[in-house]
Structure formats: C-alpha cells, structure tokens
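One structure below.
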Protein chains: 2
Amino acid sequence: MKTGAARVPTFAGEECDMSTWDAGKCPVRDVMDQIAGKWSTLLLQALADKPYRFGELRRLVPDISQRMLTQTLRDLQRDGYIDRKVFPTKPPSVEYSMTPLGLSLFEPLKRVLDWAEANHASVKAARVKFDESELA
Amino acid sequence: MKTGAARVPTFAGEECDMSTWDAGKCPVRDVMDQIAGKWSTLLLQALADKPYRFGELRRLVPDISQRMLTQTLRDLQRDGYIDRKVFPTKPPSVEYSMTPLGLSLFEPLKRVLDWAEANHASVKAARVKFDESELA
DNA sequence: CCGTATCCCCCCTGATACTG
DNA sequence: CAGTATCAGGGGGGATACGG
C-alpha cells in the first residue's frame, strides 16, 4: 500500500520556485495534491453535512470502490481533515466526521464548488466553441 | 433517482443525489477534474498575476515539462479560463492571459490556495502525528 | 521561440476475493 | 459491518527528438 508515510506527493517538500507567491516550500501543491483526488471533494462535501459511517458513505457515493473509499478516507484522516471513531459494537461500526481543520478547509473549498455549479454551462460552452474551432 | 437514495445538501442549499455525481453530469466533478490537474492551479495562479509568454511560464515553473505545460495551457484554454494570443514576430511569441471566466474562477480558488498556505503547518503536523500513531 | 510526436513507466483506480 | 490483499488495466506524466 502506497498510502502513508512512504507515499509522498511528487513535489511535497521540494523547493517551489514561484517565490512571487511563496518563498519556501510550496503549500499549494502539497495541500492541493491531496484534495484534488478523484473522490476527496465528494467525501468532504458529504461529511460537511454530518458524520457518516463507512457503509453510509458507500451508499452515498455508489460508484466509489470499497478500496478507494477506504484509501481516500485514510488520506483525508492523515491530513487531519476528518476524524475516525470506532465503536466496539457487534458488529463494529466506524463513524467519520469533519475535524475543525477539515471544516475550515471546506469553507473556502465550498466557494469553488459553488462556482462550479454556477458556471458549469459557461465551461461547457467554452469547450464546444474550442472544439469547433479546432476542426481544421 | 431511486427511492430512498442517499441525498446530501449541496453547496447551493439544494439536495443532490450523489449517484448522479458523474463526470459530465455533476458540475463539481466536471469542473474540478480539470482544476485538479497537477499543474492547473499553479498556472492559474501565475496568470492571475499578469499575462505571461510560454517561455516565461516555463522558467516560472522550472519543474514542469514542456509537454505538460503545453497540454495544461491547452486544457485551460479549452475550458475558457485563459486566452492565447499569437504574435507573428520573428521568432514568434505567444502570450497567455486570464479570461473574465478564469478570473471569476480564481477568486474563490484563491481562497483555497490562501488556506493552503495558512494551514500548511497544521496539515504537515497532522501527517506526522498520524504516521507516528501508525507505528504501533 | 513555441510547440508536436513518440516512447515508456509508474501510479491511480477498479474488480474480486478474503478476514475479524 | 468494515475493512485488507492481490492482480490487472488505463492514463497521467516525464524524457527525448523533431517541426514551424
């Protein structure tokens, strides 16, 4: 399994030369590389609503594989965005919930998601126009 | 939508059947899949400052390959975020700049990037803590 | 200077089967 | 119910060479 300490994003910790905006390491890539994952934003959005258990999340996002759900939740937990609580019931249940850090991230992130919904038509229109102009 | 299918509140306050969160149908994924590219946010951030030429962007982000710079710029142009202007000088030069649509996207996106910078330390700390607890 | 084209590798992701 | 293990495929991304 590549997730965990051994899995360091390609440019995490490396020098970021865009000193205009960042003198040291590049937080943008280090943070964005994780939340840019295929399922991260969906799960954050779900958990921003309220805590969910593993099986609930699975039903909530039907097209995610069990493997990717486990892995993405683990990565989000590792970065401190979500909490994982195990209830030693029988059978066991595990509840995932947003941490304060995760909620603080979701606040600005939500604005981008809002933008996506509001401007989806413009983006699709731009694509059509671009593709038409490419017909040569 | 199936009866009893899980629904969560969306950013717009509406409810959304997450089973329809399919790229092409879901604005969030359709837009984010592009933004989530390895270099997209960095180039948007660069161009939000001012227009740049191809070679300038290349020097600005030294560790991007020429292939990925071309490809990412093309994708961003296709989605209507940036403009591409060719000057028939000799040798030719090409200038990239943000469109109004791109600027309107960058406004909320910048908040996420700002968050990344402001909370990078917290994220890194969370990773260390998580990795240490995994050694048990 | 600004790309395209080609090759190739690696990692993400999915499918399936198995455990506590 | 909540994971782990293993195998296989596709595509994102890098290196290099070539074209306008």
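Throughout, protein chains are lettered first and strands after them, A, B, ... in sequence-line order, and every chain is numbered starting at 1.
- Rounded to whole angstrom, the span from the CE atom of Met68(A) across to the P atom of dA5(D) amounts to 16 Å.
- Between Arg53(B) and the phosphate of dC1(C), there is no side-chain N or O to OP1/OP2 separation shorter than 4.0 Å.
- To the nearest angstrom, P of dG3(C) lies 8 Å from CG of Leu69(B).
- Protein atom OH of Tyr52(B) is 18 Å distant from nucleotide atom C1' of dC1(C), rounded to whole Å.
- Between Asp75(A) and Tyr81(A), every side-chain heavy-atom pair lies at or beyond the 4.5 Å cut-off.
- Separating the CD atom of Glu134(B) from the P atom of dG3(D) is a distance of 12 Å, rounded to the nearest angstrom.
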Check the interface with nucleotides 15-20 of chain C: list each N/O to N/O pair with the protein under 3.5 Å, or write none.
none

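- Looking at heavy-atom distances under 4.0 Å, Tyr96(A) makes contact with sugar-phosphate atoms alone, never a base.
- When distances run from any side-chain atom of Val94(A) to the nucleotides dC2(C), dA2(D), dG13(D), the shortest one goes to dA2(D).
- Residues from residues 74-86 of chain B that place a heavy atom under 4.0 Å from any atom of DNA chain D: there are none.
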Trace of the side chain to side chain contact (heavy atoms under 4.5 Å, CB included) decision for Val128(B) with Lys124(B): CA-CA 6 Å; Val128(B) 171; Lys124(B) 284 191 297 186; 5.7 Å; no
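- Thr70(B) comes within 4.0 angstrom of a nucleotide base, judged by non-hydrogen atoms across all strands.
- In this structure, Leu73(A) atom CG and dC1(D) atom P are separated by 16 Å, rounded to whole Å.
- Atom CZ in Phe54(A) sits about 9 Å away from atom C1' in dC1(D), given to the nearest Å.
- Following rounding to the nearest Å, Arg58(A) (CZ) and dA2(D) (P) show an atom-to-atom distance of 10 Å.
- Distances shown here put every side-chain N or O of Lys90(B) at or beyond 4.0 Å from the OP1 or OP2 atom of dG20(D).
- Every residue was checked against the side-chain hydrogen bond (donor to acceptor under 3.5 Å, both in side chains) condition with Arg111(B), not counting sequence neighbours, and none meets it.
- Note on the helix from dC1(C)-dG20(D) to dG20(C)-dC1(D): terminal axis deviation equals 40°, with five pairs used at each end and the result rounded to 10°.
- Partners of Ser65(A) under the side-chain contact (heavy atoms from CB on, under 4.5 Å) rule, at least two apart in sequence or in another chain, are Arg67(A), Met68(A).
- With sequence neighbours excluded, the residues satisfying side-chain contact (heavy atoms from CB on, under 4.5 Å) with Pro51(B) are Glu95(B), Ser97(B).
- For the atom pair CD (Glu117(B)) and CG (Leu113(B)), the distance works out to 8.0 Å, reported to the nearest 0.5 Å.
- Distance Trp39(B) CH2 to dG12(D) P: 16 Å, rounded to the nearest Å.
- Arg127(A) is linked by a salt bridge (charged side-chain N to carboxylate O under 4.0 Å, His left out) to Asp30(B), Asp79(B), counting only residues two or more places apart in sequence or in another chain.
- Contact annotation: the side chain of Gln34(B) approaches that of Leu76(B) to within less than 4.5 Å [non-hydrogen atoms, C-beta and beyond].
- For Arg84(A), the side-chain contact (heavy atoms from CB on, under 4.5 Å) partners at least two apart in sequence or on another chain are Gln77(A), Val86(A), Val94(A), Tyr96(A).
- One finds the CD1 atom of Ile64(B) at 5.0 Å from the OG1 atom of Thr72(B) (value rounded to the nearest 0.5 Å).
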Without placing hydrogens or testing angles, list every side-chain donor-acceptor pair under 3.5 Å for residues 102-110 of chain B, not counting sequence neighbours.
{"residue": "Ser104(B)", "atom": "OG", "partner": "Trp115(A)", "partner atom": "NE1", "Å": "3.0"}
{"residue": "Ser104(B)", "atom": "OG", "partner": "Leu101(B)", "partner atom": "O", "Å": "2.8"}
{"residue": "Lys110(B)", "atom": "NZ", "partner": "Asp114(B)", "partner atom": "OD1", "Å": "3.1"}
{"residue": "Lys110(B)", "atom": "NZ", "partner": "Asp114(B)", "partner atom": "OD2", "Å": "3.4"}

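- The side-chain hydrogen bond (donor to acceptor under 3.5 Å, both in side chains) check on Arg78(B) picks up Asp131(A), with sequence neighbours excluded.
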